Novice: 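Here you go, one structure.
Here the structure is a predicted model, which is why all the values come from computation and not from measurement. These numbers come from the heavy atoms of this one structure, side chains and all, not from hydrogens, waters or symmetry mates.
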Amino acid sequence: MSSAAADHPSEYWEGTIATGIDPTSWAYAEDYTGADEVVTGARESAAESGIAPIGAGAAAALSLLAACAGAKAVVEIGTGTGVSGLALLRGMRADGTLTTVDLDAENQRLARKTFLDAGIASNRFRLIAGAGLDVVTRLTDGHYDLVFCDADRRENTAYLHEALRLLRPGGLVVFAGVLSNGRLADPARRDADTMALRDLIRAVREDDDLVSALLPTSDGLLTAAKRLK
């Protein structure tokens with residue numbers, strides 16, 4: 001997003017909607033990859049648990065990003081029931097490993113079932129129960145190809161700091177849900193979560209070591225690549 005767009009978000013989004021993709025085409029694009037029984041089951045489990053997983057379009061984008069990065073080592077903060085983790089695993093290299101972190105052990109039990117039901121070998125993922133920041137601070141510097149964050153929005157800037165430490169040059173950091181159901185673009189919204197998202201976007205945009213884009217798929221994916229030097 002440009003600096004001008006950030007200063008006047010309502011004008012920016014009104015212009016985009018007025019000239020952008022029509023709703024029917026948007027819905028078609030969001031459901032482009034469809035969903036198999038495993039993903040459908042994981043989404044049903046999420047609904048029963050009161051969890052909002054990423055949308056189908058965002059899941060497809062995650063698979064693509066993991067594939068483009070040739071990802072072998074990926075960190076996910078916010079496991080949920082495995083919808084996003086499975087998308088990452090399906091895009092990663094066949095010998096890749098996903099490290100996924102969540103506070104809720106029951107979420108991780110459901111995610112494990114999702115991965116195994118999808119035919120993912122158990123040695124391709126490790127589930128760590130704990131607070132995201134407590135766990136990622138113990139992971140190895142420069143070892144990871146992609147870091148995906150879908151957890152406490154008020155900790156996103158701290159996740160960004162840790163992600164930049166964890167990523168190899170050329171690696172990707174991705175944040176889910178940044179459009180926040182229209183709240184981000186509404187200047188009247190000043191709640192803590194929305195302000196934290198604006199702080200995150202500003203930090204990413206102003207970092208000269210990052211190449212970034214805010215992808216408007218599902219509820220928004222803020223994606224940034226760590227520049228090669």
Novice: Side chain of T194, backbone of R190: donor and acceptor closer than 3.5 Å?
Specialist: no

Novice: Examine distances only and state if a side-chain atom of T137 and a backbone atom of D134 form a donor-acceptor pair shorter than 3.5 Å.
Specialist: yes

Novice: Strictly distance-based, threshold 3.5 Å: is any side-chain N or O of Q108 a donor or acceptor partner for the main-chain N or O of A129?
Specialist: yes

Novice: Taking a hydrophobic cluster as the set of Ile, Leu, Val, Met, Phe, Trp and Tyr residues connected by side-chain heavy atoms closer than 4.5 Å, whether directly or through intermediates, do L215 and V178 fall within one such cluster?
Specialist: no

Novice: Does a side-chain heavy-atom distance below 4.5 Å link L222 with V204?
Specialist: yes

Novice: Check for me, please, whether L197 and V174 land in the same ILVMFWY cluster - side-chain distances under 4.5 Å, paths through other members count.
Specialist: no

Novice: Can a salt bridge be assigned to the pair D141 and R165 using a cut-off of 4.0 Å between side-chain N and carboxylate O?
Specialist: yes

Novice: For L164, does its backbone N or O pair with a side-chain atom of K226 as donor and acceptor, under 3.5 Å?
Specialist: yes

Novice: Just verifying a value: how many Å separate D209 CG and L167 CG, rounded to the nearest 0.5 Å?
Specialist: 12.0 Å

Novice: Out of curiosity, D104 CG to S49 OG, how far, rounded to the nearest 0.5 Å?
Specialist: 7.5 Å

Novice: Are Y159 and I201 joined in one hydrophobic group, where the rule is that I, L, V, M, F, W and Y side chains link up if heavy atoms are under 4.5 Å apart?
Specialist: yes

Novice: Could you walk me through whether L166 and V136 pass the side-chain contact (heavy atoms from CB on, under 4.5 Å) test, one step at a time?
Specialist: CA-CA 8 Å; L166 295 173; V136 297; 4.3 Å; yes

Novice: To the nearest 0.5 angstrom, please state how far the CG atom of L98 sits from the CG atom of L127.
Specialist: 7.5 Å

Novice: Where is the tightest heavy-atom contact between T114 and A42, given as atom of each residue plus distance?
Specialist: OG1-CB, 3.6 Å

Novice: What's the shortest heavy-atom distance between R124 and L89, and which atoms?
Specialist: NH2-O, 3.4 Å

Novice: Determine whether a donor-acceptor pair (N or O, by modelled atom type, separation under 3.5 Å) exists between the side chain of E76 and the backbone of F148.
Specialist: no

Novice: Could you work out, with salt bridge (charged side-chain N to carboxylate O under 4.0 Å, His left out) as the rule, every residue matching R154, not counting sequence neighbours?
Specialist: D152, D193

Novice: Nearest 0.5 angstrom please: I77 CD1 to L133 CG, how far?
Specialist: 7.0 Å

Novice: So, for L172 and A225, which heavy atoms are closest and what is the spacing to 0.1 Å?
Specialist: CD2-CB, 3.6 Å

Novice: State yes or no: do L146 and V173 share one hydrophobic cluster built from I, L, V, M, F, W and Y residues joined by side-chain heavy-atom distances below 4.5 Å, directly or via other members?
Specialist: no

Novice: Look up atom OG1 in T40 and atom CD in E37, then write down how far apart they are to the nearest 0.5 Å.
Specialist: 7.5 Å

Novice: Flag the pair V75 / T100 as yes when at least one side-chain heavy-atom distance between them is below 4.5 Å, and no otherwise.
Specialist: no

Novice: Out of curiosity, R112 CZ to R126 CZ, how far, rounded to the nearest 0.5 Å?
Specialist: 13.0 Å

Novice: Would you name the heavy atoms of R168 and A69 that are closest together and state the gap between them?
Specialist: NH2-O, 3.0 Å

Novice: Any donor and acceptor pair, going by atom type alone, linking the side chain of S45 with main-chain N or O of T81 inside 3.5 Å?
Specialist: no

Novice: Nearest heavy-atom pair of F115 and L86: which atoms, and what distance?
Specialist: CE2-N, 3.4 Å

Novice: Test V39 against R90 for side-chain contact (heavy atoms from CB on, under 4.5 Å), laying out the working first.
Specialist: CA-CA 12 Å; V39 174; R90 284 176 166 171; 3.7 Å; yes

Novice: Sub-3.5 Å donor-acceptor pair from the side chain of D145 to the main-chain atoms of K72, do we have one?
Specialist: yes

Novice: Does L210 reach the side chain of R227, with side-chain heavy atoms less than 4.5 Å apart?
Specialist: no

Novice: Sequence neighbours excluded and cut-off under 3.5 Å, please list the side-chain donor-acceptor pairs for residues 50-61, or say none.
Specialist:
none

Novice: Do the non-hydrogen side-chain atoms of L200 and L160 ever get within less than 4.5 Å of each other?
Specialist: yes

Novice: Within the 4.5 Å heavy-atom criterion, are C149 and V147 side-chain neighbours or not?
Specialist: yes

Novice: Flag the pair S84 / L62 as yes when at least one side-chain heavy-atom distance between them is below 4.5 Å, and no otherwise.
Specialist: yes

Novice: Report yes if the side chains of Y144 and V74 come closer than 4.5 Å at any heavy-atom pair, otherwise no.
Specialist: no

Novice: Would a hydrophobic clustering, with Ile, Leu, Val, Met, Phe, Trp and Tyr connected at side-chain separations under 4.5 Å, put L116 with V38?
Specialist: yes

Novice: Any idea which heavy atoms bring L228 and G170 closest together, and the distance?
Specialist: CD2-N, 3.7 Å

Novice: Indicate yes or no for a side-chain donor-acceptor contact from D102 to the backbone of T79 under 3.5 Å, with no hydrogens or angles considered.
Specialist: yes

